[in-house]
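In what follows, a structure is listed as structure tokens, so that the remarks can point back to it.
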Amino acid sequence: MTSVIDFINALGKYDFLQSALLTAIMVGIMSGIVGSFIILRGMSLMGDAISHAVLPGVAVAYMFGFNILIGASLFGILAAVLIGFVASRSKIKTDTSIGVIFSAFYALGFILISMAESSTNLHHILFENILAVSDNDIMTTAIVLGVVILFVVAFYKELLVTSFDETYAKTYGLKVQIIHYALMLVLTLVTVSALQTVGIILVVAMLITPAATAFLWTDKLNWMLILSAILGVISSTVGLYFSYTFNWASGPAIVIVAAMLFTLSFIFSPKQNFFKLKRSVVQ
């Protein structure tokens with residue numbers, strides 16, 4: 001088994017491993033930050049929907065040779081708009097409209113993949129290939145991270161109010177729908193950036209799990225954002241170490257570490273108070 005020292009030495013020797021770690025850390029930070037707002041707003045299903053709805057956008061971008069981020073963002077925003085439109089113009093609930101729209105987009109994506117000239121390469125893009133990230137991928141991820149940080153800093157108060165009390169936000173005069181779709185755009189950008197690390201299937205886990213873990217430890221949004229970003233970094237770093245050591249796929253390894261941190265927090269966090277609850281049930 002590869003020791004931590006061996007892993008550190010490998011980091012100093014191999015450029016591709018350095019690039020993979022840097023990308024994983026950046027994705028861990030942005031996933032934790034955006035994921036905090038997703039779970040506070042009760043939008044975990046929307047995060048799942050967007051992560052799958054970008055699939056046809058990625059396929060179209062790959063087929064016609066333009067930037068994947070553009071194609072995925074367009075389809076992600078289109079899915080969010082369609083979900084809101086169907087939910088507001090019909091008697092079905094939002095979760096039902098999410099299921100209808102994202103499954104349709106996901107199916108369309110697979111059809112488009114089968115039409116692509118090189119579906120093998122496209123599958124590598126979709127289902128994670130972090131050890132093959134290019135300098136352009138790193139630059140794109142860094143730009144998206146910058147956008148996420150600037151967005152949260154610039155609209156922190158608006159995001160705070162709309163996340164906890166949407167009715168008050170409307171009364172206060174905030175443009176709730178604009179804030180919602182701006183968050184959906186940022187969510188889409190993060191989703192596409194995370195494709196290179198955990199892949200489209202597991203990206204929702206990185207968006208939700210570190211933030212859910214942080215939520216078990218604090219009731220303050222600012223600390224939740226910081227803690228979820230730290231947990232995202234830990235998950236990405238340790239997951240990449242396990243991937244390198246045991247020759248595991250990097251995406252599942254990162255998600256498993258995130259799930260382990262959540263499990264420990266679920267048991268030991270003072271907010272959850274699992275052991276006290278267990279004793280009270282026994283009594």
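The figures that follow rest on heavy atoms only: side chains count, while hydrogens, waters and symmetry mates do not.
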For this session: With the side chain counted from C-beta on, respond yes when F75 and V54 share a heavy-atom pair under 4.5 Å apart, and no when they do not.
Result: no
Exercise. Relative to the ring of W248, is the ring of F246 parallel (under 30°), tilted (30 to 60°) or perpendicular (over 60°)?
Worked result: parallel
Contacts table for residues 144-164: side-chain donor-acceptor under 3.5 angstrom, sequence neighbours left out:
residue	atom	partner	partner atom	Å
Y156	OH	N222	N	3.4
T162	OG1	R41	NH1	2.9
T162	OG1	E158	O	2.7
T162	OG1	L159	O	3.3
S163	OG	R41	NH1	3.2
S163	OG	L159	O	2.6

For this session: Verify whether one side chain among S36 and S228 offers a donor that lies under 3.5 Å from an acceptor in the other.
Result: yes
Problem set entry | Mutual orientation of the aromatic rings belonging to F64 and F66 [parallel < 30°, tilted 30-60°, perpendicular > 60°] | parallel
Exercise. Taking all atoms of both residues into account, what is the closest heavy-atom pair of A10 and L17, and its distance?
Worked result: CB-CD2, 3.7 Å
Problem set entry | Qualifying residue for side chain to side chain contact (heavy atoms under 4.5 Å, CB included) with I38, from L207, V190, L187 | L187
Problem set entry | Student check: side-chain heavy atoms of T237 and Y241 closer than 4.5 Å | no
Problem set entry | Apart from M260 itself, residues in the same hydrophobic cluster as defined by side-chain heavy atoms under 4.5 Å | I256
Exercise. Does S31 use its side chain to pair, donor to acceptor, with the backbone of G28 at less than 3.5 Å?
Worked result: no
Problem set entry | Test item: side-chain donor near acceptor, T140 and D137, under 3.5 Å | no
Exercise. Is there side-chain contact between F105 and L55, with heavy atoms separated by less than 4.5 Å?
Worked result: no
For this session: Report yes if some heavy atom in the side chain of Y244 is under 4.5 Å from a heavy atom in the side chain of D6; otherwise report no.
Result: no
Problem set entry | Within residues 202-228 or reaching into it, pairs that qualify as salt bridge (Lys or Arg N to Asp or Glu O under 4.0 Å) - sequence neighbours excluded | D219-K271
Exercise. So do P252 and V255 actually touch side chain to side chain, heavy atoms under 4.5 Å?
Worked result: no
Problem set entry | K13 versus Q18, closest heavy-atom pair with distance | N-NE2, 4.4 Å
Exercise. Can you find a pair of side-chain heavy atoms, one from M206 and one from V27, that are under 4.5 Å apart?
Worked result: no
